[in-house]
Novice: 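Before I ask anything, let me first share the structure, which is written out below as structure tokens.
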Amino acid sequence: MKMNKLFLFQWLVLLIFTKTSLIFSKPHKIPRLTPLIENILQDHSNTFSSSTNDDLPKEFETYYYKQTLDHFNYGPKSYSTFKQRYIINSKYWGGSNSSSPIFAYLGAESSIDGDPLGVGFLTDFAPQFKALLVYMEHRYYGESTPFKTMEEAVKEEDNRGYFNSAQAIADYAELLLHIKEKYSAKNSPIIVIGGSYGGMLASWFRMKYPHIALGALASSAPILYFDNITPQNGYYSVVSRDFKEASKSCYHTIRKSWAIIDKIASRKSGLSYLSRKFKTCSKLNDSFELKDYLDSMYSEVAQYNSPPSYPVTIVCGGIDGAPKGSHILDRIFAGIVAYRGTSSCYNMNPKPSETGLGWRWQTCSEMVMPIGRGENDTMFFSAPFNLNNFIKDCKKKYGVSPRPHWITTYYGGNDIKLILQRFASNIIFSNGLRDPYSSAGVLQDISHSLQAVHTRNGSHCLDILSQESTDPEWLTMQRNTEVKIIEGWITKYYADLNALKKGKMH
């Protein structure tokens with residue numbers, strides 16, 4: 001699975017979905033957004049498994065920028081700095097004299113180790129644009145953490161306050177201006193590109209820093225999953241639809257399985273039975289652990305249900321392909337094996353990754369996305385999002401309450417069509433409708449330069465991944481449409497620039 005090893009999102013580690021479960025007195029965890037390149041790239045490339053900086057081709061050069069810690073304060077500590085990692089590829093660069101564009105990839109909630117090879121949109125189309133390619137790492141992730149390790153950073157009250165999206169896009173603004181100066185590229189237009197959380201950052205960057213970025217490609221950016229703009233169950237409704245379209249029998253098997261799991265777990269030695277049945281690496285403590293694992297897997301395969309493998313079909317193939325007369329839980333387990341492969345055991349309680357710890361803080365501060373579902377409105381067990389409980393859990397964990405309305409206050413979201421058509425421009429909102437996060441994406445054009453490009457069968461961030469010989473025509477057409485729009489922005493920019501130089505701009 002192409003991004004089965006980063007993004008996600010990573011991935012969405014991305015993809016590592018932690019699910020809603022307040023009815024089991026479990027903390028509500030908001031799914032990772034960005035493609036997990038470690039999980040996804042593997043599915044889209046036979047030659048790439050995972051990468052580190054050392055594995056990158058020579059044309060990718062790594063640099064470190066002395067970045068400002070706090071862009072919005074003038075206290076003594078705000079003048080502190082940290083090393084922000086970024087990667088440059090100048091192989092296709094037309095040079096400063098040609099005023100060729102800069103394609104800038106905005107890192108999301110993971111390191112950028114896999115991004116240069118995984119996010120192939122930049123390298124695939126750089127030759128025709130003669131573009132300089134830049135990949136920037138999000139503060140606190142990868143090697144760009146100001147305070148030792150992620151675990152230490154999120155524990156220190158003073159330090160984690162600098163860990164937010166506004167600071168991150170301010171980092172990108174400062175770094176991009178530095179790069180333009182470094183390469184004497186004053187007149188080179190910048191196109192920012194991002195996927196998932198990074199896609200949100202790209203759209204917000206264009207709105208906050210229009211003087212730096214000419215335009216933005218925001219892939220799979222669920223900018224409307226805040227403040228109840230999108231129904232809570234939007235995400236899980238799409239997951240359910242994906243499964244139902246793949247196989248109605250598979251869909252119904254999954255839907256029936258939750259009550260059976262709970263029923264068996266309530267019996268004496270029931271959890272031991274379930275542990276053996278599902279070959280868990282450690283004994284289950286409650287039925288939620290198993291249900292959460294399955295919830296995460298189903299969500300993951302739906303989010304990344306991309307060609308040519310189509311993971312939902314793989315899972316359902318296992319479930320439907322179990323021997324006739326198999327117990328419903330044997331069929332569910334067959335789905336796990338079909339997707340995960342044969343293993344001596346399956347880990348239901350993985351240790352949180354470093355980037356998972358960072359995303360947990362982000363969702364407990366500003367990225368409050370009310371994702372949940374009710375009783376019988378999806379194929380999942382009931383797990384509504386309860387804001388009061390979510391606030392209590394975050395306060396217990398970090399000592400501060402999340403700010404559930406801040407994203408829409410700072411970036412907007414409510415009445416987005418009315419607002420953005422009045423002042424925003426040059427943003428592509430791209431989505432694949434098989435992606436559960438598309439339920440909170442912009443799916444209709446807002447104006448002639450705020451365009452929605454989506455495909456019926458696309459999945460999360462599929463359009464910005466590398467081109468493959470197996471790509472269906474609809475995916476190729478989606479990418480070509482995006483490239484044509486970007487070409488139009490750049491053509492108009494150069495026309496305006498020439499008119500300005502000649503004093504003819506009105």
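Note that these values count all heavy atoms, side chains included, but never hydrogens, waters or copies made by symmetry. Here, residue 1 is the first one in the sequence, and each next residue gets the next number.
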Novice: Does any N or O in the side chain of D445 come within less than 3.5 Å of the main-chain N or O of Q451, such that one atom is a donor and the other an acceptor?
Specialist: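 Flag not set: sc D445 to bb Q451 has no pair under 3.5 Å.
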Novice: Taking only residues two or more places apart in sequence or in another chain, which ones pass ring pair (Phe, Tyr, Trp, His ring centres under 6.0 Å) with Y65?
Specialist: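 With sequence neighbours excluded, Y65 shows a ring pair (Phe, Tyr, Trp, His ring centres under 6.0 Å) to H178, given in chain and number order.
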Novice: Are any of the side-chain heavy atoms of R85 and Y135 separated by less than 4.5 Å?
Specialist: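 Answer no - side chains too far apart.
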Novice: So, using ring pair (Phe, Tyr, Trp, His ring centres under 6.0 Å) as the criterion, who are the partners of W489 when residues are at least two apart?
Specialist: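 With sequence neighbours excluded, W489 shows a ring pair (Phe, Tyr, Trp, His ring centres under 6.0 Å) to no residue whatsoever.
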Novice: Minimum heavy-atom separation for T123 to P116, with atom names?
Specialist: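 In terms of heavy atoms, the two residues are closest at CG2-O, 4.4 Å.
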Novice: Would you tell me whether Q478 and S430 have side-chain atoms, one donor and one acceptor, within less than 3.5 Å of each other?
Specialist: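 No, S430 and Q478 have no side-chain donor paired with an acceptor closer than 3.5 Å.
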Novice: Checking Y172 side chain against G107 main chain: does a donor-acceptor pair fall under 3.5 Å?
Specialist: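 Side chain of Y172 to backbone of G107: a pair is present.
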Novice: Are any non-hydrogen side-chain atoms of Y183 and S96 less than 4.5 angstrom apart?
Specialist: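 A side-chain contact is absent here, since even the closest heavy-atom pair is not under 4.5 Å.
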Novice: Considering only NZ, NE, NH1 and NH2 on the basic side and carboxylate oxygens on the acidic side, decide whether D463 and R479 come within less than 4.0 Å.
Specialist: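 Result for this pair is no, no salt bridge flagged.
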Novice: Are the side chain of S299 and the backbone of S296 linked by a donor-acceptor contact shorter than 3.5 Å?
Specialist: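 Here the side-chain-to-backbone pair does not exist.
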Novice: State the CZ-OG distance between R403 and S365, to the nearest 0.5 angstrom.
Specialist: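 Result: 9.5 Å between the selected atoms.
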Novice: Determine which pairs satisfy side chain to side chain donor-acceptor pair (under 3.5 Å) with at least one residue from residues 160-170, sequence neighbours left out, and list them in order.
Specialist: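 For residues 160-170: D70-Q167, S165-E366, S165-Y411.
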Novice: Closest approach of P402 and P404, non-hydrogen atoms and distance?
Specialist: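 Scanning both residues completely, I find the closest heavy atoms to be O-CD, 3.1 Å.
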Novice: Can you tell me which residue among Q84, H138, R139 is in a side chain to side chain donor-acceptor pair (under 3.5 Å) with D171?
Specialist: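 Per the side chain to side chain donor-acceptor pair (under 3.5 Å) rule, the option paired with D171 is R139, out of Q84, H138, R139.
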Novice: Looking only at side chains, do Y141 and E354 share a donor and an acceptor under 3.5 Å apart?
Specialist: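 Y141 vs E354: no donor-acceptor pair found between side chains.
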Novice: With a 4.5 Å heavy-atom cut-off, do V368 and F390 have their side chains touching?
Specialist: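 Yes, at least one pair of side-chain atoms sits under 4.5 Å.
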Novice: Picking from N426, L214, I193, I428, what satisfies side chain to side chain contact (heavy atoms under 4.5 Å, CB included) with I486?
Specialist: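 For I486, the side chain to side chain contact (heavy atoms under 4.5 Å, CB included) check succeeds only for I428.
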Novice: Closer than 4.0 angstrom, basic N to acidic O: yes or no for R422 and D415?
Specialist: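 Judged by the 4.0 Å cut-off on N to carboxylate O distance, R422 and D415 do not form a salt bridge.
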Novice: Above 12 or not: heavy atoms from other molecules or residues under 6.0 Å from NZ of K77?
Specialist: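 More than 12 within 6.0 Å, yes.
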Novice: Report, as yes or no, whether the 6.0 Å neighbourhood of atom CD on Q128 holds more than 12 heavy atoms from other residues, nucleotides or ligands.
Specialist: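 Buried by this count: over 12 neighbours within 6.0 Å.
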Novice: Using modelled atom types and a 3.5 Å cut-off, is there a donor and acceptor pairing between side-chain atoms of S438 and backbone atoms of G441?
Specialist: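 Between the backbone of G441 and the side chain of S438 there is no qualifying donor-acceptor contact (under 3.5 Å).
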Novice: Y293: which residues meet the ring pair (Phe, Tyr, Trp, His ring centres under 6.0 Å) condition with it, sequence neighbours left out?
Specialist: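 By the ring pair (Phe, Tyr, Trp, His ring centres under 6.0 Å) rule, Y293 matches no residue at all.
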Novice: Determine yes or no for a side-chain-to-main-chain donor-acceptor pair under 3.5 angstrom, with K208 supplying the side chain and Y410 the backbone.
Specialist: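 Checking the backbone N and O of Y410 against the side chain of K208, a donor-acceptor pair under 3.5 Å is found.
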Novice: Y92 vs E59, test: side-chain hydrogen bond (donor to acceptor under 3.5 Å, both in side chains). Steps then yes/no.
Specialist: CA-CA 10 Å; Y92 313 101; E59 61 260 30; 5.0 Å; no
Novice: Whether the side chain of N386 engages the backbone of N389 through a donor-acceptor N/O pair (distance < 3.5 Å, no angle test) should be reported.
Specialist: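 Here the side-chain-to-backbone pair exists.
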Novice: Can you tell me if S353 uses its side chain to pair, donor with acceptor, with the backbone of G356 under 3.5 Å?
Specialist: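 Yes, because the side chain of S353 sits within donor-acceptor range (under 3.5 Å) of the backbone of G356.
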Novice: May I ask you to decide if K396's main-chain N or O and D393's side chain share a donor-acceptor pair within less than 3.5 Å?
Specialist: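 Not a single qualifying donor-acceptor pair exists.
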Novice: Which atom pair, heavy atoms only, marks the closest approach of P189 to Y493?
Specialist: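 Nearest pair, atom of P189 first, then Y493: CD-CE2, 3.6 Å.
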Novice: Are the side chains of W93 and S188 in contact, using a 4.5 Å heavy-atom criterion?
Specialist: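 Yes - at least one pair of side-chain heavy atoms lies under 4.5 Å apart.
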Novice: With a 4.5 Å heavy-atom cut-off, do K180 and I190 have their side chains touching?
Specialist: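 Contact flag for K180/I190 side chains = yes.
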Novice: Looking at every non-hydrogen atom in both residues, tell me the closest pair between A202 and G194 and how far apart they are.
Specialist: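 In terms of heavy atoms, the two residues are closest at CB-N, 3.9 Å.
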Novice: Would the number of heavy atoms belonging to other residues, nucleotides or ligands and lying under 6.0 Å from NZ of K392 be above 12?
Specialist: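 At most 12 heavy atoms, drawn from other residues, nucleotides or ligands, come within 6.0 Å of this atom.
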Novice: Does the pair K417 and L420 meet the rule for a side-chain contact (heavy atoms from CB on, under 4.5 Å), with working shown?
Specialist: CA-CA 6 Å; K417 187 168 185 178; L420 292 191; over 6 Å; no
Novice: Going through the distances and angles, do M367 and W361 end up as a side-chain contact (heavy atoms from CB on, under 4.5 Å)?
Specialist: CA-CA 9 Å; M367 301 299 293; W361 160 252; over 6 Å; no
Novice: Is there a donor in the side chain of E152 and an acceptor in the side chain of T149, or the other way round, less than 3.5 Å apart?
Specialist: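 Yes - a donor-acceptor pair under 3.5 Å links their side chains.
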Novice: Can you tell me which residue pairs pass the ring pair (Phe, Tyr, Trp, His ring centres under 6.0 Å) test with a partner in residues 69-88, sequence neighbours excluded?
Specialist: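 For residues 69-88: Y63-Y86.
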Novice: Below 4.5 Å, heavy atoms only, C-beta onward: do V238 and D435 meet side chain to side chain?
Specialist: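 With C-beta onward as the side chain, the pair stays apart.
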Novice: What's the shortest heavy-atom distance between K130 and S100, and which atoms?
Specialist: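 What the structure gives for the nearest pair is O-CB, 2.9 Å.
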Novice: Taking the six-membered ring of F380 as reference, does the NZ or CZ atom of K291 fall below 6.0 Å from its centre and within a 45° cone about the axis?
Specialist: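 No, K291 does not lie over the aromatic ring of F380.
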Novice: Between N347 (side chain only) and N349 (backbone N and O only), is there a donor and an acceptor less than 3.5 Å apart?
Specialist: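 Here the side-chain-to-backbone pair exists.
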Novice: Under 3.5 Å, which donor-acceptor pairs do the side chains of residues 222-232 form with other protein atoms, sequence neighbours left out?
Specialist:
residue	atom	partner	partner atom	Å
Y225	OH	P231	O	3.4
Y225	OH	Q232	O	2.8
Y225	OH	G234	N	3.4
Y225	OH	Y235	N	2.9
D227	OD1	H405	ND1	2.5
D227	OD2	T408	OG1	2.7
T230	OG1	L224	O	2.7
Q232	OE1	F385	N	2.9
Q232	NE2	F385	O	3.2

Novice: Can you confirm whether more than 12 heavy atoms, excluding those of H448, are under 6.0 Å from its NE2 atom?
Specialist: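 For H448, atom NE2 is not crowded (no more than 12 foreign heavy atoms under 6.0 Å).
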Novice: Could you state the interatomic distance from CD1 (I102) to OG (S90), rounded to the nearest 0.5 Å?
Specialist: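 The distance works out to 11.5 Å.
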Novice: Can you tell me how far the CD1 atom of I179 sits from the CD1 atom of I88, to the nearest 0.5 Å?
Specialist: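 I179 atom CD1 to I88 atom CD1 measures 4.0 Å (nearest 0.5 Å).
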Novice: Centroid-to-centroid, F103 to F129, below 6.0 Å?
Specialist: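 Yes, ring centres under 6.0 Å apart.
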Novice: Do F205 and L106 pass the side-chain contact (heavy atoms from CB on, under 4.5 Å) test, and can you show the C-alpha distance, the side-chain angles, and the key distance before you say yes or no?
Specialist: CA-CA 10 Å; F205 188 94; L106 307 189; 4.2 Å; yes
Novice: Measuring from atom CG of N431 to atom OG of S220, what distance do you get when rounded to the nearest 0.5 angstrom?
Specialist: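 Output value for this atom pair is 5.0 Å.
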Novice: What is the distance from atom CD of E137 to atom OG1 of T62, rounded to the nearest 0.5 Å?
Specialist: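 Separation between the atoms: 9.5 Å.
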Novice: Between CD1 of I464 and CZ of F121, what distance do you get to the nearest 0.5 Å?
Specialist: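 Taking CD1 in I464 and CZ in F121, the distance rounds to 8.5 Å.
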Novice: If you define the side chain from C-beta out and look only at heavy atoms, does anything of F147 sit under 4.5 Å from Y140?
Specialist: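 Result yes, sub-4.5 Å side-chain heavy-atom pair found.
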Novice: Can you name the nearest heavy-atom pair linking V239 to A302, along with the distance?
Specialist: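 Nearest heavy atoms, V239 then A302: CG1-CB, 3.8 Å.
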Novice: Around atom CD of E487, are there more than 12 heavy atoms from other residues, nucleotides or ligands closer than 6.0 Å?
Specialist: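 Counting neighbours around CD of E487, more than 12 heavy atoms of other residues, nucleotides or ligands fall under 6.0 Å, so yes.
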Novice: Any side-chain heavy atom of K83 sitting closer than 4.5 Å to one from Q67?
Specialist: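 With C-beta onward as the side chain, the pair stays apart.
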